[in-house]
Participant: 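I have a structure I would like to understand better, so I am pasting it below and will then ask my questions one at a time.
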Amino acid sequence: MDKQKVVNQKLESFMRRNLPSAEYQRIRCYERCVVDKSMKLALLTSKNLIITDSPPRTILYTLPLIEFLSLSLVQDLPDFLHGDERFKSQHLSLKFRHETGHKSESPLSESSGSYVSASSDGDASSERLSPSKSKKHLSASYSSLSSTSWHGTLPSPRSQRPLRLITSLDETASRLDRLNLSDSGSSVSSQGATTATADLDLFLLTDSTLFYQLLQAASLNEKIAGTKELKSPVNGDTKPKRKKSMVRGQLYNQLSADIQSNKSLEKRFYLVQELSTAASNDMNIKKYFWKDLDLCTALVEDLGKYRLGTGENNRADEIEYLIQLESCLSEMFRESEHLSQRAHLLTANSFVVLRLLLENISSAPSLPTHLTSDAEVEDLCTELLDTTTKLLFEVLLAVSEHPTFGTELSVSRVVSFLEPCFSTFGPVYSSMIERGLFLISRTGAASTTLLLYCVFYVVEVLCRNSAVCRRLLISSHLEDIRYYCANPELKIARFSPLQGLTIERVQKLLQIIS
């Protein structure tokens, strides 16, 4: 049997025995690597980078991705490798934050072999074998949509508009206290614990792996999840009960069929909300969705239909449904970078889904004259602008930084679909810029950091890749951006996991227009 296959089988068996079930289900990839000039195995999950010995006997270190400060790919030829491995290796340089308590220890000391995790209520635990207002519209009972619901697996509905998609972060406290710190720098937190930075050089032994891209994406995902939790912690147990995959697949198929067949706006709203909630709790739902061209197309078509307005429903209800639709689609993109079916669906039939999605979010919702000064509708339109920004952020992230699995997804492709719609997209892009300037003027507001990051990511990427967007920004917003974005490090919430990345985006934008 091939030596690599033997290693893979041993690692799979080791992971099943030593990782918590939830962590095992969220494994992204693994590769052979060299750390400190000795052979190791690197395992990436959605929350941690785990290093084991080779062959795997012990979990040596567990690095929470939310603590990563920087990650870079170094172009060099390590002198301790020879032959093909030397030329095909990938050198990953990692810098991460580390809370050490009151002890000074060495940066990557071997762990005892147990996997340290956190319980859902935030208390640390260790396993031996595991290293906005009141809703005025769409107010029908959630439980009335019963035949296909995920009842028993999902949190109960809330009385407020159920639109806040918050991915629960199972662990918010750093678990690097069992690693040692290097002398890269240190500070003392408000709790008295020493916070330091440590470095790790990891050499992958192949150049044909997606490990680096998936590691980048997973680290950003954890920072986004951590920022969401700072904004609005999840109360109660939101973890789904375990279901057999066959039952889960049947439930998904029934829900998909009901969404496509139901013509009632009210029922579609709650069914889409149910789909979104299920996806936020179960990665398998995203796998099913990105294989389901019919449902994906139906939801994307609804974006265009209800942006124009049907004249058959309360307009505020239709805008609220648009908000729910965009939140659901954003959730489907979130943390699905490792799913090849996502890239293949978006590029199927000459990019028909991607093209339609971008066209349908490239305009503001049309409003009857008598609603243009309605305060509630105005608030809903602002919220819709925010969800549109987040959805466009997810699309741009998917085509620019995530694996594309051999497809032709790219930022230039997205730009080529948006620029022909610029007569309608230009005002939306301008509104995004104004929204970002408003948010950054609220110095240090932690609750808006995620949205602020999404805004400046979208504005900067489009400004850099689209001459039309750049001309609009320079002609209409240049002086305001220079004024409000000066010294961004003083205006972005200091303790947000996204602080550094948001500052970086703002600085990149300033460089483009300077």
Side-chain angles (χ1 to χ4, degrees), residues 20 22-28 44-50 62-69 71 96-97 99 116-124 154-155 163-176 213-240 276-286 326-339 342 386-387 389-391 393-394 397-398 401-402 446-455 457 492-502 505:
E23 189 84 352
Y24 179 76
Q25 295 299 323
R26 289 181 172 266
I27 291 172
R28 296 292 183 258
L44 176 64
T45 74
S46 63
K47 293 182 177 295
N48 299 294
L49 174 62
I50 299 169
T62 301
L63 309 180
L65 301 177
I66 197 171
E67 304 292 356
F68 279 30
L69 299 175
L71 168 63
F96 54 91
R97 184 170 44 245
E99 287 188 9
V116 180
S117 64
S119 61
S120 59
D121 60 4
D123 295 331
L154 300 178
L163 198 113
R164 309 287 176 257
L165 295 177
I166 302 166
T167 304
S168 174
L169 183 62
D170 292 337
E171 51 218 0
T172 54
S174 168
R175 292 176 308 177
L176 280 171
Q213 286 176 286
L214 292 174
L215 180 58
Q216 276 189 313
S219 178
L220 176 58
N221 289 341
E222 277 296 88
K223 290 178 172 64
I224 289 175
T227 303
K228 286 182 177 180
E229 185 168 88
L230 285 176
K231 177 180 177 182
S232 180
V234 177
N235 295 319
D237 182 10
T238 61
K239 293 184 178 180
S276 181
T277 306
S280 70
N281 285 287
D282 189 345
M283 178 57 67
N284 288 289
I285 305 305
K286 298 181 184 183
E326 292 186 348
S327 296
C328 180
L329 290 170
S330 293
E331 183 60 45
M332 293 303 177
F333 275 95
R334 184 104 301 277
E335 297 190 41
S336 62
E337 64 279 348
H338 61 295
L339 302 178
R342 184 183 77 178
D386 292 347
T387 56
T389 302
K390 291 177 181 178
L391 179 53
F393 161 76
E394 295 289 354
L397 194 65
E401 297 186 28
H402 292 172
S447 61
T448 62
T449 305
L450 174 56
L451 178 58
L452 187 65
Y453 176 69
C454 292
V455 168
Y457 186 98
I492 298 169
R494 180 181 175 188
F495 297 108
S496 167
L498 283 172
Q499 183 201 25
L501 292 175
T502 307
R505 283 293 159 186

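The first residue in the sequence is number 1, and the count goes up from there.
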Participant: State, without any angle test, whether S336 and R342 hold a side-chain donor-acceptor pair at a distance under 3.5 Å.
Facilitator: yes
Participant: Distance check, rounded to the nearest 0.5 Å: H402 atom NE2 versus Q213 atom CD?
Facilitator: 9.0 Å
Participant: Quick one: list whatever passes side chain to side chain contact (heavy atoms under 4.5 Å, CB included) with T502, sequence neighbours left out.
Facilitator: T449, L452, Y453, I492, L498
Participant: Could you grab the distance from atom CG of L65 to atom OG1 of T45, nearest 0.5 Å is fine?
Facilitator: 6.0 Å
Participant: Of all heavy-atom pairs between G226 and P497, which one has the smallest distance, and what is that distance?
Facilitator: C-CG, 4.0 Å
Participant: Measure from the side-chain N and O atoms of K223 to the backbone N and O of L501, and report whether any donor-acceptor pair falls under 3.5 Å.
Facilitator: no
Participant: Indicate yes or no: at least one non-hydrogen side-chain atom of F393 is less than 4.5 angstrom from one of I224.
Facilitator: yes
Participant: What pairs with R505 under salt bridge (Lys or Arg N to Asp or Glu O under 4.0 Å), at least two apart in sequence or on another chain?
Facilitator: E401, E460
Participant: Taking only residues two or more places apart in sequence, or in another chain, which ones meet Q216 in a side chain to side chain donor-acceptor pair (under 3.5 Å)?
Facilitator: Y212
Participant: Would you say the side-chain atoms of T387 pair up with the backbone N or O of E326, donor to acceptor, closer than 3.5 Å?
Facilitator: no
Participant: Side chains of N48 and E222 only: does a donor on one sit below 3.5 Å from an acceptor on the other?
Facilitator: no
Participant: Any side-chain heavy atom of F68 sitting closer than 4.5 Å to one from L49?
Facilitator: yes
Participant: Rounded to the nearest 0.5 Å, how far apart are CG of L63 and CD of E67?
Facilitator: 10.0 Å
Participant: Under the rule for side chain to side chain donor-acceptor pair (under 3.5 Å), what residues qualify as partners of S46, not counting sequence neighbours?
Facilitator: none
Participant: Once rounded to the nearest 0.5 Å, what's the spacing between atom CG of D386 and atom CG of L391?
Facilitator: 12.5 Å
Participant: Heavy atoms, side chains only, cut-off 4.5 Å: are N221 and E337 in contact?
Facilitator: yes
Participant: Holding to side chain to side chain contact (heavy atoms under 4.5 Å, CB included), I want the full list of residues that pass it with E394, two or more places apart in sequence or in another chain.
Facilitator: S330, F333, R334, L397
Participant: Would you name the heavy atoms of S327 and S276 that are closest together and state the gap between them?
Facilitator: O-OG, 4.3 Å
Participant: Sequence neighbours excluded, which residues qualify as side chain to side chain contact (heavy atoms under 4.5 Å, CB included) partners of A279?
Facilitator: I285, K286, E331, M332
Participant: Kindly indicate whether the side chain of K47, heavy atoms from C-beta on, has any atom under 4.5 Å from the side chain of E23.
Facilitator: yes
Participant: Distance from L44 atom CG to S219 atom OG, nearest 0.5 Å?
Facilitator: 9.5 Å
Participant: Which residues satisfy the side chain to side chain donor-acceptor pair (under 3.5 Å) test with T389, sequence neighbours excluded?
Facilitator: none
